[in-house]
Amino acid sequence: MTHHKIYEEQRTLDRSEFAGQLRELADELDASGSITYGSGGTSGTLALPDKLRGEVKITRSGDDHHTKLVARLRFADPATDGRDNDDDGEWEIDDPYA
């Protein structure tokens, strides 16, 4: 499967700011079925279908004493109109460092 990164942003947030971003994302999905990302020349909108495949994973590294929470959503590429049901026809929003 070929992956093409659409957008990535990394920054430090406190828990309250991060929770607020998750709420904004959830509100946007509920209201319009799509999310907006980025700003300026790297912004866009991503429509999500009604059905998604989701996963939440929590891992702990003993080497560097870090815990990681990864939320992953997979859904059919809108360009295939849902015709392609195998993993090659899916888009993925994921932590690239998982």
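Keep in mind that what you see is a predicted model, and the values were worked out from it rather than measured. Just so you know, these numbers use all the heavy atoms, side chains as well, and skip hydrogens, waters and symmetry mates.
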| task | Please name all residues satisfying side chain to side chain donor-acceptor pair (under 3.5 Å) with S34, sequence neighbours left out, ordered by chain then number. | result |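 For S34 the side chain to side chain donor-acceptor pair (under 3.5 Å) partners, ignoring immediate neighbours, are S32.
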
Spacing of [X] atom [atom1] and [Y] atom [atom2] [to the nearest 0.5 Å]:
{"X": "L46", "Y": "E28", "atom1": "CG", "atom2": "CD", "result": "10.0 Å"}
{"X": "R23", "Y": "D30", "atom1": "CZ", "atom2": "CG", "result": "13.5 Å"}
{"X": "R11", "Y": "Q21", "atom1": "CZ", "atom2": "CD", "result": "4.5 Å"}
{"X": "H65", "Y": "R60", "atom1": "NE2", "atom2": "CZ", "result": "11.0 Å"}

| message | Can you confirm whether more than 12 heavy atoms, excluding those of D64, are under 6.0 Å from its CG atom? | response |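 Correct, the count exceeds 12.
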
| Nearest heavy-atom pair of Y7 and T42: which atoms, and what distance? |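 Heavy atoms only, the tightest pair is CD1-O, 3.6 Å.
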
| task | Mind listing the closest non-hydrogen atom pair of G38 and S43 along with its distance? | result |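 Closest approach of G38 to S43, heavy atoms only: C-CB, 3.8 Å.
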
| I35, L22: one ILVMFWY side-chain cluster at the under-4.5 Å cut-off? |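 Not linked; separate clusters.
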
| message | Under 4.5 Å between side-chain heavy atoms, counting indirect links through other Ile/Leu/Val/Met/Phe/Trp/Tyr residues: same cluster for L25 and F18 or not? | response |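 No, L25 and F18 fall in different hydrophobic clusters.
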
| task | Answer yes or no: is there a donor N or O on one side and an acceptor on the other, between the side chain of E17 and the main chain of D14, under 3.5 Å? | result |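 Present.
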
| query | So do I6 and Y37 actually touch side chain to side chain, heavy atoms under 4.5 Å? | reply |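 SC-SC contact between Y37 and I6 confirmed.
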
